[in-house]
Amino acid sequence: MIDHRGLRCGALAGVLLLATACAAAAAERERLRVVGSEVVFPLAVAAAEAFHLRTDLPTPVVETNGTARGFALFCAGKGPEHPDIATAERRMTSSEHQRCRSKGISVAEIKIGHRAVVVAKARRGAALALTRRQLFRALAAQVPLDGGPSDNPYRLWSDIDFALPVTPIAVFGPPPTSAQRASFDRLVMAAGAGSRNPGGRPPLRADGVFAEVPADDPQTLSQLERNPDALGIFGFTFAYRNSARLQAVAIDGVIPGPETIADGRYGPAEPVYLYVKREHVGVIPGLADYAAEVSGETAAGDNGYLLRLGLVPLPPGERDAQRQSAARLPAARM
């Protein structure tokens with residue numbers, strides 16, 4: 001004999017289990033998901049925390065996957081199992097755009113500002129100009145000699161180029177876990193290596209010439225003042241705010257400044273982008289608000305809180321245009 005009460009109870013339990021699972025999934029996606037660049041990661045995290053305090057919505061989940069991997073995740077599809085935002089230190093390529101379009105994804109691009117790394121020395125030291133090639137030869141663990149890679153033998157700047165000072169190479173810089181170091185490795189070291197290290201980040205020498213210090217640590221200023229021939233690697237904002245004690249080294253003939261960074265003349269700089277999935281606007285709570293937070297004057301303006309993390313603001317006119325784009329984010333159909 002069939003126990004219909006047991007069937008009804010089993011069906012009811014199944015419905016309750018399904019409802020619980022659906023509710024859990026919905027609750028999970030009340031939280032924004034941001035993927036992408038390790039360089040933009042600290043900026044996205046700071047904006048996520050400010051967004052939570054300002055809106056009382058859950059703090060977004062911010063992942064560091066790398067720009068290419070972040071775009072791949074972002075363009076994989078629509079719906080709660082896919083990210084809402086991708087961050088990047090470069091523009092999305094045409095092939096990445098096409099991958100998004102093939103999944104029915106409409107993308108909104110918002111430029112937040114720039115990040116730039118600066119090589120500087122104590123203000124009382126002699127001025128210095130270097131190329132990225134010279135910096136690579138000074139700091140790489142291995143350099144090309146006699147037709148092949150060899151342990152770096154250079155001890156004096158003049159060992160690299162007779163036109164450089166006859167002074168010891170001594171450089172203070174951030175550890176490899178720092179976003180600032182990631183930018184330096186890519187924008188200076190990899191660029192200086194050229195075709196000898198395609199797509200890679202040359203390891204820095206570990207023989208005492210390069211000393212790791214916390215990123216943008218004020219104590220590094222005192223170390224440079226004790227040794228006016230030594231160099232330090234900093235974020236642009238930190239170096240700019242300490243210009244009474246620091247002088248920037250010209251890189252490839254260009255001194256870093258707001259104008260030379262914005263117009264692309266200063267090489268060790270990169271833009272900061274936010275890519276928003278339009279189909280998720282109005283579906284995932286707070287998506288448009290987060291985009292407005294990151295691009296807003298409080299975060300990305302001349303005195304914004306992202307400046308302490310190395311953001312270089314856009315010129316006022318461009319900044320206003322990007323902020324208006326974020327404020328006008330329309331929702332597209334899922």
Side-chain angles (χ1 to χ4, degrees), residues 32 34-51 60 62-71 74 83-93 96-97 107-118 174 178-188 191 215-216 234-240 256-277 287 290-327 329:
L32 293 173
V34 182
V35 297
S37 167
E38 62 182 316
V39 171
V40 189
F41 176 74
L43 307 179
V45 168
E49 293 168 351
F51 161 86
V62 183
E63 305 171 19
T64 174
N65 325 87
T67 295
R69 175 63 179 158
F71 280 147
F74 179 79
D84 311 301
I85 290 174
T87 63
E89 74 283 349
R90 61 168 174 81
R91 297 193 75 178
M92 185 179 279
T93 65
E96 287 163 340
H97 267 293
V107 176
E109 178 189 275
I110 302 168
K111 188 176 181 182
I112 306 303
H114 294 86
R115 284 183 62 96
V117 289
V118 172
S178 160
Q180 188 180 101
R181 172 68 172 273
S183 293
F184 179 79
D185 287 349
R186 183 175 56 258
L187 298 172
V188 175
D216 291 343
F234 304 100
F236 171 76
T237 303
F238 180 88
Y240 188 76
E259 297 82 10
T260 58
I261 291 170
D263 64 19
R265 280 180 291 156
Y266 182 69
E270 56 197 351
V272 175
Y273 288 101
L274 199 73
Y275 288 87
V276 179
K277 193 171 293 178
L287 179 51
Y290 180 78
E293 174 67 37
V294 180
S295 59
E297 196 70 14
T298 303
D302 289 334
N303 297 299
Y305 60 78
L306 294 181
L307 271 65
R308 63 181 173 81
L309 298 173
L311 185 75
V312 182
L314 296 171
E318 187 180 2
R319 190 163 70 232
D320 291 343
Q322 295 295 324
R323 188 166 60 244
Q324 289 169 17
S325 295
L329 265 178

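Note that the structure is a prediction, hence the values are computed from the model and not measured. Residue indices begin at 1 and follow the sequence shown.
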Validation row: F184, P268 side chains within 4.5 angstrom (heavy atoms): no
Residue pair Y290 / I85: nearest heavy atoms and the distance that separates them: CD2-CD1, 3.3 Å
Listed partners of F236 passing ring pair (Phe, Tyr, Trp, His ring centres under 6.0 Å), at least two apart: Y240
Spacing of R308 atom CZ and N303 atom CG [to the nearest 0.5 Å]: 13.5 Å
Distance in Å, L43 CG paired with T87 OG1, rounded so as to fall on 0.5 Å steps: 8.5 Å
All side chain to side chain donor-acceptor pair (under 3.5 Å) counterparts of S37, not counting sequence neighbours: E89
Residues forming a salt bridge (Lys or Arg N to Asp or Glu O under 4.0 Å) with E270, sequence neighbours excluded: R186
Counterpart residues, salt bridge (Lys or Arg N to Asp or Glu O under 4.0 Å), relative to R90 (two or more places apart): E96
Qualifying residues under ring pair (Phe, Tyr, Trp, His ring centres under 6.0 Å), relative to F74, sequence neighbours excluded: none
E63 and V34, any side-chain heavy atoms less than 4.5 Å apart: no
V272/L311 under side-chain contact (heavy atoms from CB on, under 4.5 Å): CA gap, chis, key distance, verdict: CA-CA 8 Å; V272 175; L311 185 75; 4.2 Å; yes
With sequence neighbours excluded, residues passing ring pair (Phe, Tyr, Trp, His ring centres under 6.0 Å) with F71: Y275
Inter-residue atom distance E38.CD - S183.OG, 0.5 Å rounding: 8.0 Å
Steps toward side-chain contact (heavy atoms from CB on, under 4.5 Å) verdict (F238, V118): CA-CA 9 Å; F238 180 88; V118 172; over 6 Å; no
Qualifying residues under side chain to side chain donor-acceptor pair (under 3.5 Å), relative to Q322, sequence neighbours excluded: none
Rounded distance (nearest 0.5 Å) linking atom CD of Q324 with atom CD1 of I110: 12.0 Å
R115 CZ to T237 OG1 distance, which is reported to the nearest 0.5 Å: 9.0 Å
Partners passing side chain to side chain donor-acceptor pair (under 3.5 Å) against R91 (at least two apart in sequence or in another chain): E109
Minimum heavy-atom distance between H114 and A262, given as atom pair plus value: CE1-CA, 4.0 Å
Results of side chain to side chain contact (heavy atoms under 4.5 Å, CB included) for D302 - residues two or more places apart only: P313, R319
By side chain to side chain donor-acceptor pair (under 3.5 Å) - contacts of R69 (at least two apart): none
Closest contact, heavy atoms only, A182 versus V39: CB-CG2, 4.2 Å
With E259 via side chain to side chain contact (heavy atoms under 4.5 Å, CB included) - residues at least two apart: R265
Heavy-atom pair with the smallest gap, counting every atom of K277 and L287: O-CD2, 3.7 Å
Between CG on residue D320 and OG on residue S325, distance to nearest 0.5 Å: 11.0 Å
Flag, side chain of S295 to backbone of A291, donor-acceptor distance under 3.5 Å: yes
Distance-minimising heavy-atom pair for V117 and Q180: CG1-O, 3.7 Å
By side chain to side chain contact (heavy atoms under 4.5 Å, CB included) - contacts of A46 (at least two apart): Y305, L306, L309
Considering all heavy atoms, the nearest I261-A269 contact: CG2-CB, 3.9 Å
